[in-house]
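Proteins come first, then strands; the chains are lettered A, B, ... in the order of their sequence lines, and each starts at number 1.
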Amino acid sequence: MPAETPVNRRLLVTSALPYANGPIHIGHLVEYLQTDIWVRFQKLTGNRCVYVCADDTHGTAIMIRARQEGRTEVELIADMQRQHETDFADFLIEFDNYGSTNSEENRQLCGELWASIRKAGLVKEQEVQQLFDPEAGTFLADRFVRGTCPKCGAADQPGDNCSSCGSAYTPADLVNPVSTLSGATPEVRTAPHLFIELEKLHGFLRDWVETSDALQPEIANYLKGHFLGPKDKPLELRDWDISRPAPYFGFEIPDAPGNYWYVWFDAPIGYIASTQQWCDKQTVQGNVEKLDDWWRSGDCEVHHFIGKDITYFHTLFWPGMLKTAGLALPTKVHIHGFLTVGGEKMSKSKGTFVNARTYLNHLDPQPLRYYYASKLSARVDDFDLTLDDFVSKVNTDLVGKVVNLASRAAKFVEKTGLSKEYPDDGGLFEQAAAAGDEIAAAYERCDYSHAMRLVLACADRANPFVEENKPWELRKDPANTDRVQEVCTIALNLFRQIAIYLAPVLPKLAQQTGELLNDPITSWDQSQTPLVGTPVAKFQHLMQRVETEKVQAMIDETKQNAAAAAGEPEASAPGAAAGTTFDDKWNDGPEPLATEPLAAECVYDDFTKVDLRIARVVEANHVEGADKLLQLTLSLGGGETRNVFAGIKKAYAPEDLVGRLVMYVANLAPRKMKFGVSTGMVAASGPGNEEVFLLSPDEGAKPGQRVH
RNA sequence: GGCCCGGUAGCUCAGUUGGUUAGAGCAGGGAACUCAUAAUUCCUUGGUCGGGGGUUCAAGUCCCUCCCGGGCUACCA
């Protein structure tokens, strides 16, 4: 489909902004993976696609938490943002820009949108009664108040409804209300709030919901049923309380001093602010990008990916705000359902409330990416992660069928490379190429499960081919050398075709496939033409099987974390604390430490003076006349390279170094050597000569990342 | 209570505008193979498509009704 349409689309894509009050978990990942796959697909097909996101940082919850932790909100949100960004990166989720709602760009844009909403006459002021905590000095959101139910008398009930009798009320109705922040008895106070009169946009919203094609049918239906009402008997859209009185962590409203925008006002504007940051970054790099080309242009599509819980905000308020401000309305709001684990809601005590980081401590990101893809459709349905199903699906589909194709063919052509011409394969390649359009269409409409099904069907046709042609038997007779090469050329091409189709889901596999066959995967169109005549690299496993034990360990760790957070005593791990004895089953000897005793204590600031970075060796050469040195060209990503001479010649062959990641001392003063200038050094342990051991980061590290 | 979405082989699901003996993957059973990460390939068991009624030459597919599961919302039409 992209082949026929030379005019590339321009797409701005967002995922909902994660709240800076907690870590990313596997439920969140449904959305970020869904979006990342879509974005990677769009980029692969040649569309101009920009993926922005940001941390959502404002609101009472952040303010309270920072207070409890004895630090500023800014410190708290910076810390959370670091964690979020690392988690995303390690799941191979690539944003073009990741910002924060607590940015100057956002403050400015909030002001602009606010001004237009004022100007449109949509703002009104009204007194609001709310409970106030006199000790904490703050107004209390419903969830920060508990008390006795006014109807049934059940004690210690939440501020909005009774868990015992189910009746709904406001916090002010509670008998003996208590602030969960301070334990103080809240008092009723009145404060003026600002409201946006959404009802004034009723006609526009109805029109947009019914005719824009931006919403899934079930969502349009839901909005009409619950908020807009039938055409002949419309419901009235409620005014939206958009301000909060001080103290509040957020942006102060310029024309209403002492009042702050409610977090849900500035959060979606964060999409635009993040785009602004991206534009600025591009412009600094010499590619001039203007915000208006992305948010006020008729030919740019805006796609939001969100969960069904925030439908209301993104399908009524947000289009209303955009319309009023003269900004682009969403082309599509892609709404997904929730993740269940083992058929139930994620649960901390059952160990199914798995944080992204906990997952990564035990497993690779690609299996989860694939599993989610195999389950996701364009509908709002929830989907289930069953642990056994996860293990068997990933192992059967990816390891057993897809990767197996390469695994069984590659080593027979390590010496010869691929055939010069693509042999007759009985139409297999062509058949799979023809499936490309349907697979692409499935990706485009977010029906990934359908796409995965189609791709796997290709693998199911390819494996019998290998089976029937038995390269392992052919090679026993030297007369068949050419035929072996042909058979493996076909098998590897069918594999590569699948790797291209799966590239949005499995970017790492695509990259490794490019390296294996010496032709990087960069475009969807590569699936339409066989690759011939390239050398084939030494085969390395492309993916590890998922082991049930590791999945279980992940669940166990989640349970332990939950127990620890709940204040339950945790079994102390042997040897966990410094200086304790432990069961030394490794039998590591004392010599290394004795040879080089620990250095004098230093403070953290001393450590930060050394800027350690991850770098990729992109070139490694022998140095004429040197018997210990190799000359390395290191990449820090983005085209940044450094020249380093490293004394590792006796331990490493240059060709084994190219491509690998190393730890690089980046800010070491350059040193003039006999053979040239060495900028920085590569970190290694060992006494020297043959015994030099370079350091490698774990899977997922990227060139340019600093080591903290 | 209202609204919405589902109920197809043991499990996860496909089934296009109603059209011939209802499909796939996994699991189960049997065999082959041994290049490959105990991977692969071939054959095979298995379903009154939630129940009932209706429309039609023809219904998993449309209509009515009931049962079950999930979601949203709530005593307001």
Side-chain angles (χ1 to χ4, degrees), chain A residues 151 160-162 165-169 216-230 232-236 238 307-312 315 335-340 342-345 364 367 371 374-414 438 441-442 447-476 480 484 487-488 491-492 495 539-547:
Chain A
K151 291 215 174 139
D160 48 0
N161 64 72
C162 176
C165 72
S167 57
Y169 42 75
Q216 289 133 298
E218 60 264 47
I219 294 294
N221 202 4
Y222 161 76
L223 294 175
K224 281 186 272 185
H226 281 85
F227 302 108
L228 297 166
D232 50 338
K233 209 173 152 210
L235 297 169
E236 189 172 319
R238 274 175 295 181
K308 63 182 181 181
D309 52 328
I310 52 176
T311 297
Y312 188 54
T315 57
I335 303 180
H336 61 81
F338 293 151
L339 177 74
T340 56
E344 298 174 6
K345 280 186 182 166
D364 291 329
Y371 189 76
S374 77
K375 291 276 190 169
L376 278 165
S377 76
R379 314 194 48 162
V380 192
D381 303 342
D382 294 352
F383 77 86
D384 188 49
L385 164 66
T386 312
L387 298 172
D388 292 344
D389 187 42
F390 170 61
V391 172
S392 90
K393 197 166 191 65
V394 169
N395 290 343
T396 304
D397 289 0
L398 295 184
V399 181
K401 290 180 175 171
V402 175
V403 163
N404 187 231
L405 273 172
S407 180
R408 64 199 308 200
K411 76 172 193 181
F412 297 144
V413 282
E414 265 171 23
E438 197 185 343
D447 193 355
Y448 303 161
S449 62
H450 189 62
M452 295 306 104
R453 204 179 293 273
L454 294 169
V455 174
L456 258 289
C458 297
D460 282 333
R461 288 191 297 265
N463 271 307
F465 170 83
V466 179
E467 199 80 9
E468 283 157 23
N469 286 277
K470 302 186 180 13
W472 55 93
E473 236 167 62
L474 290 171
R475 67 198 277 266
K476 288 176 185 165
N480 291 327
V484 170
V487 169
C488 294
L492 288 171
F495 163 70
F539 183 76
Q540 295 169 353
H541 282 180
L542 299 172
M543 198 173 284
Q544 300 302 317
R545 304 174 68 77
V546 175
E547 290 163 37

Side-chain heavy atoms of [X] within contact of [Y], under 4.5 Å:
{"X": "A:Asn404", "Y": "A:Lys401", "answer": "no"}
{"X": "A:Lys345", "Y": "A:Phe338", "answer": "no"}
{"X": "A:Thr311", "Y": "A:Val380", "answer": "no"}

Quick one: label [X] by what it contacts on the DNA or RNA (base, sugar-phosphate, nothing), any heavy atom closer than 4.0 Å.
{"X": "A:Lys470", "result": "nothing"}
{"X": "A:Asn404", "result": "base"}
{"X": "A:Phe338", "result": "nothing"}
{"X": "A:Pro464", "result": "sugar-phosphate"}
{"X": "A:Leu542", "result": "base"}
{"X": "A:Lys401", "result": "sugar-phosphate"}
{"X": "A:Val403", "result": "base"}
{"X": "A:Arg475", "result": "nothing"}

For [Y], is there any backbone N or O sitting under 3.5 Å from a side-chain donor or acceptor partner on [X]?
{"X": "A:Asn395", "Y": "A:Val546", "answer": "yes"}
{"X": "A:Asp447", "Y": "A:Ser377", "answer": "no"}
{"X": "A:Glu218", "Y": "A:Arg379", "answer": "no"}

Which nucleotide in the set [options] lies at the smallest distance from any side-chain heavy atom of [X]?
{"X": "A:Val466", "options": "B:U41, B:A39, B:C35", "value": "B:C35"}
{"X": "A:Asp381", "options": "B:C13, B:G71, B:C5", "value": "B:C5"}
{"X": "A:Phe412", "options": "B:U37, B:G25, B:C35", "value": "B:C35"}
{"X": "A:Asn221", "options": "B:G71, B:A36, B:C4", "value": "B:C4"}
{"X": "A:Glu467", "options": "B:G6, B:U37, B:U40", "value": "B:U40"}

What integer number of Å spans the [atom1] atoms of [N] and [M]?
{"N": "B:U48", "M": "B:U61", "atom1": "P", "result": "16 Å"}
{"N": "B:G29", "M": "B:C13", "atom1": "C1'", "result": "23 Å"}
{"N": "B:G15", "M": "B:G47", "atom1": "P", "result": "23 Å"}
{"N": "B:A14", "M": "B:A22", "atom1": "C1'", "result": "11 Å"}
{"N": "B:G28", "M": "B:C68", "atom1": "P", "result": "35 Å"}
{"N": "B:G10", "M": "B:C75", "atom1": "P", "result": "43 Å"}
{"N": "B:G70", "M": "B:G25", "atom1": "P", "result": "31 Å"}
{"N": "B:G46", "M": "B:C5", "atom1": "P", "result": "36 Å"}

To the nearest angstrom, how far is [X] atom [atom1] from [N] atom [atom2]?
{"X": "A:Tyr312", "N": "B:C3", "atom1": "OH", "atom2": "P", "answer": "21 Å"}
{"X": "A:Phe383", "N": "B:G69", "atom1": "CZ", "atom2": "C1'", "answer": "19 Å"}
{"X": "A:Ile219", "N": "B:G71", "atom1": "CD1", "atom2": "P", "answer": "16 Å"}
{"X": "A:Gln544", "N": "B:A39", "atom1": "CD", "atom2": "C1'", "answer": "14 Å"}
{"X": "A:Asn463", "N": "B:C33", "atom1": "CG", "atom2": "P", "answer": "18 Å"}
{"X": "A:Leu376", "N": "B:C13", "atom1": "CG", "atom2": "P", "answer": "12 Å"}
{"X": "A:Leu339", "N": "B:G70", "atom1": "CG", "atom2": "P", "answer": "17 Å"}
{"X": "A:Phe539", "N": "B:A39", "atom1": "CZ", "atom2": "P", "answer": "16 Å"}

What does [N] pair with, Watson-Crick or G-U, if both distances are under 3.5 Å?
{"N": "B:C33", "answer": "none"}
{"N": "B:A38", "answer": "none"}
{"N": "B:G28", "answer": "B:U44"}

Inset, instruction - Measure up the A:Phe539 and A:His541 rings against each other and bin them: parallel (under 30°), tilted (30 to 60°), perpendicular (over 60°). - result: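 Answer is perpendicular, since the angle exceeds 60°.
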
Looking at [X], does any N or O in its side chain come under 4.0 Å of the phosphate oxygens OP1/OP2 on [N]?
{"X": "A:Lys375", "N": "B:U12", "answer": "no"}
{"X": "A:His541", "N": "B:U37", "answer": "yes"}
{"X": "A:Arg453", "N": "B:A24", "answer": "no"}

Inset, instruction - On RNA chain B, check which nucleotide each of A:Arg379 and A:Lys411 is closest to and give me the residue with the more 5' one. - result: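 The residue closer to the strand's 5' end, by nearest nucleotide, is A:Arg379.
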
Legend entry - Nearest-nucleotide 5' precedence on RNA chain B, A:Tyr222 against A:Met543: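 Between the two, 5'-proximity favours A:Met543.
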
Legend entry - A:Arg453/A:Glu438 salt bridge by N-O under 4.0 Å criterion: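 The answer is no: the pair does not qualify as a salt bridge.
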
